[in-house]
Amino acid sequence: MSTNVTDPASASVTVLGLGPMGRALAGAFLEAGVRTTVWNRTPGRDAGLVARGALRAASAEEAVAASGLVVVCVVNYDASDAILRSDSVTDALKGRTVVNLSADTPDRARDTGDWAARHGVRYLDGAIMTPTPTIGTPDAVFLYSGPADLYAEHRPVLDVLGGAHTHLGEDIGRAAAYDLALLDIFWTAMGGWAHAVALARAEGVSARELAPFAQGIAAILPPLFEEFAGDVDSGTYSGELNPITSGASTMAHIVHASEAHGIEASVMRAIEGQARRVIGLGHGTDGFMRVAEMLGRTRRP
Ligand code: NDP
């Protein structure tokens, strides 16, 4: 079922899943005048949306039947499978487009792509990289992968969700691959921030006192990402300005000071361990990003 709609106001969309993100997506569609049908496993989460003009569906099957474009946003692919792969919903989806904005692994996205192909469902995978308040604003970031023509067809309607939309290629797992790699950065950084606060507080420094300087440290990172990405892709890991031996020494200080306060330092121990393995392999004059190369080489089959 082609839904080549260039004017969002004449489009219709179904949103399955009304957690905080599903509600934000449905709200942005409504705001743009898109005819929006909503459904959630647990009833009652649609009240605010219905008050704003959303159409309430009594079942997922009814919701799917209401629109050519079905956006799914639930906790993971176990949840989206539970909705999409029931016989009646799968039947109703035939010929329609599903855009799955739930987060999970690339393998799960590819498996869902295979399932969709077997059942005549047109399928795009996607990932949302920004929090709910950004949806419908210029700050939102959406990633997609799957058939380029399907993306082009639905782009005008997806655009009303705001911000930047990027199609990453036809490999259906690619959006999830970016999502996981980017969330790897996010959660490691959040883990670092939580640990830093615990260590600082043990030394009598409040989180508020530390915060402005933490922002300064965070601001150092974006240019380093850009610079070191080039190093990794070209296989050069110059440590001329900051050798990994120096970094490992700092990491050891964090481990010792934390453990002296009774604060576990397992994450920093692991990172120090990786740096020391690189040094042990004879790369002590290289920079820290040599770790990425080592991790890639030591991955299990
Ligand atoms: P959650 O990740 O908590 O997902 C809640 C939704 O999943 C609800 O609609 C819930 O239904 C549904 N759900 C859970 N299990 C099942 C199941 N077995 N069958 C059917 N539905 C199920 O909240 P969000 O809305 O915040 O997130 C949705 C997705 O968006 C996630 O993949 C998340 O990673 C992603 N995301 C969220 C962001 C955010 O800021 N919140 C930012 C970027 C991405 P019910 O109400 O019935 O429990």
Side-chain angles (χ1 to χ4, degrees), residues 103-107 109-110 125-131 134 138-146 148 151 155 163-196 212-255 267-301:
D104 214 308
T105 62
D107 280 352
R110 292 186 189 108
D125 203 78
I128 307 169
M129 302 317 308
T130 51
T134 66
D139 295 331
V141 175
F142 294 86
L143 305 177
Y144 304 91
S145 48
Y151 174 69
R155 176 72 198 265
H165 297 252
T166 305
H167 181 248
L168 297 166
E170 300 250 339
D171 169 10
I172 202 84
R174 208 161 161 86
Y178 273 64
D179 185 34
L180 287 193
L182 295 170
L183 289 175
D184 193 347
I185 299 168
F186 179 77
W187 285 118
T188 310
M190 289 300 285
W193 170 228
H195 194 271
F213 298 92
Q215 289 185 37
I217 284 285
I220 292 172
L221 293 175
L224 291 183
F225 289 161
E226 192 62 37
E227 181 187 337
F228 293 151
D231 288 356
V232 172
D233 285 346
S234 65
T236 53
Y237 302 94
S238 169
E240 198 180 332
L241 299 180
N242 199 350
I244 195 165
T245 44
S246 170
S249 165
T250 317
M251 294 169 203
H253 301 155
I254 298 167
V255 170
V267 173
M268 190 52 65
R269 265 191 183 284
I271 299 170
E272 185 196 349
Q274 291 164 358
R276 300 236 178 257
R277 272 159 63 201
V278 163
I279 295 165
L281 289 166
H283 302 300
T285 56
D286 282 356
F288 179 74
M289 286 306 285
R290 174 65 81 167
V291 166
E293 191 256 359
M294 184 207 53
L295 291 174
R297 254 192 309 133
T298 56
R299 68 184 173 183
R300 296 183 184 92

Practice item. Using atom types as modelled and distance alone, determine if a side-chain donor or acceptor of Ser249 lies under 3.5 Å from a backbone N or O of Thr245. Key: no
* Between Ser145 and Leu168, is there a donor-acceptor pair closer than 3.5 Å when you use the side chain of the first and the backbone of the second? -> no
Acceptor/donor pairs from residues 178-191 side chains to any protein atom, 3.5 angstrom cut, sequence neighbours excluded:
from, atom 1, to, atom 2, distance (Å)
Asp184, OD1, Thr188, OG1, 3.3
Thr188, OG1, Asp184, O, 2.5

Report task. Could you label the plane-to-plane angle of the His165 and Tyr144 rings as parallel, tilted or perpendicular, counting under 30° as parallel and over 60° as perpendicular? Result -> parallel
Got a second to check how far [X]'s [atom1] is from [Y]'s [atom2], nearest 0.5 Å?
X	Y	atom1	atom2	answer
Tyr151	Glu170	OH	CD	13.0 Å
Ile172	Arg174	CD1	CZ	12.5 Å
Met129	Leu143	CE	CG	6.0 Å
Met268	His253	CE	NE2	12.5 Å

Do any side-chain atoms of residues 278-290 form donor-acceptor pairs under 3.5 angstrom with protein atoms, and if so which ones, sequence neighbours left out?
from, atom 1, to, atom 2, distance (Å)
Asp286, OD2, Arg290, NE, 2.7
Asp286, OD2, Arg290, NH2, 2.9
Arg290, NH1, Glu293, OE1, 3.3

Residue pairs passing the side chain to side chain donor-acceptor pair (under 3.5 Å) test with at least one member in residues 229-240, sequence neighbours excluded, are Ser234-Thr236
- Message: Side chains of Ile244 and Val291, heavy atoms from C-beta outward: is any pair under 4.5 Å?
- Response: yes
In short, Ala248 meets Ala275 closest at the heavy-atom pair CB-CB, 4.1 Å
On a heavy-atom basis, the closest approach of Gly173 and Ala109 is CA-CB, 4.1 Å
Sequence neighbours excluded, the answer for salt bridge (charged side-chain N to carboxylate O under 4.0 Å, His left out) partners of Arg110 is Asp107, Asp171
*asked:* Within the supplied structure, the quantity of interest is the number of heavy atoms (other residues, nucleotides, ligands) at a distance under 6.0 Å from Leu224 CG; does it exceed 12?
replied: yes
Those residues at least two apart in sequence (or on a different chain) that pass side-chain contact (heavy atoms from CB on, under 4.5 Å) with Asp139 are Thr134, Thr137
Across all chains, not counting sequence neighbours, the side-chain hydrogen bond (donor to acceptor under 3.5 Å, both in side chains) partners of Thr166 are none
